[in-house]
Amino acid sequence: MAQNPNFLFIFSDEHSFRFMGHRSEEDGGEKVDTPNFDRLAGQGTVFTDAYCQMPLCTPSRLSMLTGREVRGAGAWGNGSVMKPDAPTMAGVLGGAGYETCLLGKMHLGGSRQFVGFNHRPYGDLTGRTGHQRDPIQGGGGGMRSRTTYSVGVTEIPESLFQEQVSAQESIAFLREHEAANPDQPWFLMASLSRPHFPLTAPRRWVERYPPDAISEPKVGRTGDAYDHPMSVGMRKGFQADAIEHDEMMRARGSYFACVSYLDELLGDMFIRLEATGQLDNTIIIYTTDHGEMAGEHGVWWKNSWHEASARVPLIISTPMQRRGEQPAQEVRAPVALVDLFPTMCGLAGVSAPEGLDGVDLSDVVSGNGSAPDRPVFTDALAGRWGPGTEFRMVRQGKWKYVRFRNAPALFFNLENDPHEQRNLVTRGCEGEDAEALRRLKRTAEETMDFDAAAEERRRDQQLKRRFPLKAPNSQGNLYTLPTGKIVNADDALYNPTVIVEDAVEAFSDHPARDD
C-alpha cells in the first residue's frame, strides 16, 4: 500500500445486501444487473455479513461517521444532531493532512452539517434528506415520494438527478484539488440517494425489470416472528398490509431498476476517474446506511432487526487489488459499519481516537489478518413500533439474537435458517445452538440497559435546541456557492420558470403535431 492513500467513499441509501449481482442466489442474492459493483467486488474485499448500527438513515450515518454505536453517537432518530464532542472520520483524517469533501445526501439534523468535512459543495445542507420527489405530470400537482404505488419511469431529466449532480461535482472537486494540491491526499464521500424511495428510474432500467420477469421476495408472510409484537407494529406503521401483490411486484421491479441505475452511474464515474489516474492511489469503499425489506416478511422499508433491513453490502477495494498485486477476497465474519472509521485510520497510518466501538480491519483489507470473532450489534432504541419494541440485535458467528425491552426474544441459526423462520427461543435447541443462545442472551443483557438508554435519549433532545438550523424556504438539495451563499439546487424541478405550457403548441414542426 502506498503511503497516504486517497479514499473514495461511495455511500448509497437503502441498498439491500441481496441486490448485488455477485451475490449468488444460493447465498441469498437476487438476479440484478450490477456489472460495476461486481467488478469492484472482483478487485476488492467483500464483507458478506456487514451490519449497520441502526437501520434508519440519520442514526446509521451518525454511528458510522463517529465509529460509535447508537448510544455513544446519540443516534436515536432522523432528527438527531451530531454531538459536538464526537470525533468523526472526516475530522480525524482532515487533522492528519487530508483534504475532505462530502457531496450529496447525508441527512444530518440541526446546524451541524459539516461534521468535520472541509467542503460540502452540494447536497442536503439543511437536513431535508436530499431525496428528490418525482413530479407527476397531470396528476393534480402531487409528488411521487415514499410509496410503493407511484413507481416506475422517472419524470426528472437525468442530468438533474441528485446522483448525477453528486457524481459530476465529485469529479469536479477532485480535478480542482489535483490542480491546486496534487501532493495532498484526499477523502471524498459521494453520498447518493438511490435505491431509496421514490422508486423511479430511467425507462431503460424500468423496462429491464417488468413485474412478471423478476423474483418474488425471498421470504413470504411466514415464520415464527411474523406475529411478533414488533412485526405486527411495523406492518401497521408502514401500512404494509394494504399493499396488494401486483403493487408489490411493480415496486420490486422499480427497486431492481434503481439498483442497476446506481451501478451504471458508478461505472461512468469510475471510468472518468480512472482515465485521469485519480484512482491509482485510491482506496474505494462502497456501502449503504441500511437495507430495504422489498416485500420480505410482508413489509417494506427498514427500521427492523430482519436481515434485509440491518445487513448491508460492504466492499473495500485497494489499488493493489485492482492492479492484481493482491488477491480479491471474501470475508464472512460479521463486521459493522462502525468498523470503517478505525479501518480507514489504519489504512491511512493515522491514529484513531480513543473510545471508538468499531475495530480496525485494515490488516484484513490488506490480506494480512482475519476479522475477529466478536459480537456485532444493531439497535433501535426509540420504540417506534409500539411500547417495549426497542431492541438490541446481536450477531456473532452464524447466530443472531434479538432482545427487546418488553417483547419476546428471538434467536436464529442463520446458517440453517437464513430466512429467519424458526425462533429457537420458543422451539428449543440443544448443543452448540443452546450454548450460543446462552452466550448471546448474556451479551445482550450485559451490554444494553434500555432504561438508561431512554434517559440518554431524553438528554440528547436538547441538542436540537442548541443547534437549530435557520434556513427557511430550503429544498432537499442545495449548492454552496464560492461566495458562501447557499441556494436551492432543484428550482428547475419544483419552482420552475415556465416558458411554454405545451411544446406542441409552441413549435410548428413538433413531431407530435397533427397538422
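Just so you know, these numbers use all the heavy atoms, side chains as well, and skip hydrogens, waters and symmetry mates.
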ask   = Can you tell me if S215 and R252 form a side-chain donor-acceptor pair at under 3.5 Å?
value = yes

task = Assert yes or no for the condition that the ring centre distance of F187 to F117 is strictly below 6.0 Å.
result = yes

ask   = Got more than 12 heavy atoms from elsewhere within 6.0 Å of CD, E325?
value = yes

message = Does the Lys NZ or Arg CZ of R235 fall within the cation-pi geometry relative to Y226 - under 6.0 Å from the ring centre and within 45° of the axis?
response = yes

key: Between S12 and Y286: side-chain donor-acceptor atoms closer than 3.5 Å   = yes

Residues D363 and N368: side-chain donor-acceptor under 3.5 angstrom = no

task = Return the orientation label for the Y98 and F7 ring planes: parallel under 30°, perpendicular over 60°, tilted otherwise.
result = tilted

key: Within 6.0 Å of CD in E244, more than 12 heavy atoms from elsewhere   = no

request  = Please determine, by modelled atom types, if H107 and T129 share a side-chain donor-acceptor pair under 3.5 angstrom.
outcome  = no

ask   = Between S260 and Y209, does any side-chain donor sit less than 3.5 Å from a side-chain acceptor?
value = yes

ask   = Going by distance alone, is a donor N or O of one side chain under 3.5 Å from an acceptor N or O of the other, for T148 and E247?
value = yes

inquiry  = Between R23 and E330, does any side-chain N to carboxylate O distance fall below 4.0 Å?
reply    = no

Test item: side-chain donor near acceptor, W301 and E14, under 3.5 Å = no

E307 and R18 ion-paired at < 4.0 Å = no

query = Are the charged groups of R403 and E445 less than 4.0 angstrom apart, N to O?
reply = no

query = Distance under 6.0 Å and angle within 45° of the ring axis: does R311 meet both against F17?
reply = yes

request  = Rounded to the nearest 0.5 Å, what's the gap from CH2 on W186 to CG on L8? Could you check?
outcome  = 5.0 Å

message = Under 3.5 Å, is there a donor on one side chain and an acceptor on the other for D263 and N36?
response = yes

request  = Say whether R322 and S317, considering side chains only, have a donor N or O and an acceptor N or O under 3.5 Å apart.
outcome  = yes

inquiry  = Regarding E432 and K398, does a basic nitrogen lie under 4.0 Å from an acidic carboxylate oxygen?
reply    = yes

ask   = Any Lys/Arg nitrogen of E456 or R71 sitting under 4.0 Å from an Asp/Glu carboxylate oxygen of the other?
value = yes

Heavy-atom side-chain proximity of P334 to F47 below 4.5 angstrom = no

query = Do the two ring centres, one from Y51 and one from F377, sit under 6.0 Å apart?
reply = no

ask   = Is there a side-chain hydrogen bond (donor to acceptor under 3.5 Å, both in side chains) between H131 and Q162 once you walk through the steps?
value = CA-CA 8 Å; H131 304 306; Q162 182 257 20; over 6 Å; no

ask   = Are D49 and R395 within salt-bridge range, i.e. N to O under 4.0 Å?
value = yes

query = Is it true that the side chains of S191 and R61 contain a donor and an acceptor less than 3.5 Å apart?
reply = yes

inquiry  = Between D38 and T34, do the side chains contain a donor N or O and an acceptor N or O under 3.5 Å apart?
reply    = yes

request  = Please check if the distance between the ring centroids of W305 and F412 is under 6.0 Å.
outcome  = yes

message = Would you say S366 and Q326 are linked by a side-chain donor-acceptor pair, where the criterion is simply a distance under 3.5 Å?
response = no

ask   = Between the side chains of T45 and Q321, is a donor N or O closer than 3.5 angstrom to an acceptor N or O?
value = yes

task = Look at D379 together with R392 and state whether they make a salt bridge at an N to O cut-off of under 4.0 Å.
result = yes

message = Closer than 4.0 angstrom, basic N to acidic O: yes or no for K302 and E292?
response = no

query = Is it true that R221 and E216 have a side-chain N and a carboxylate O under 4.0 angstrom from each other?
reply = no

inquiry  = I'd like to know if K105 and D13 make a salt bridge, using a cut-off of under 4.0 Å between side-chain N and carboxylate O.
reply    = yes

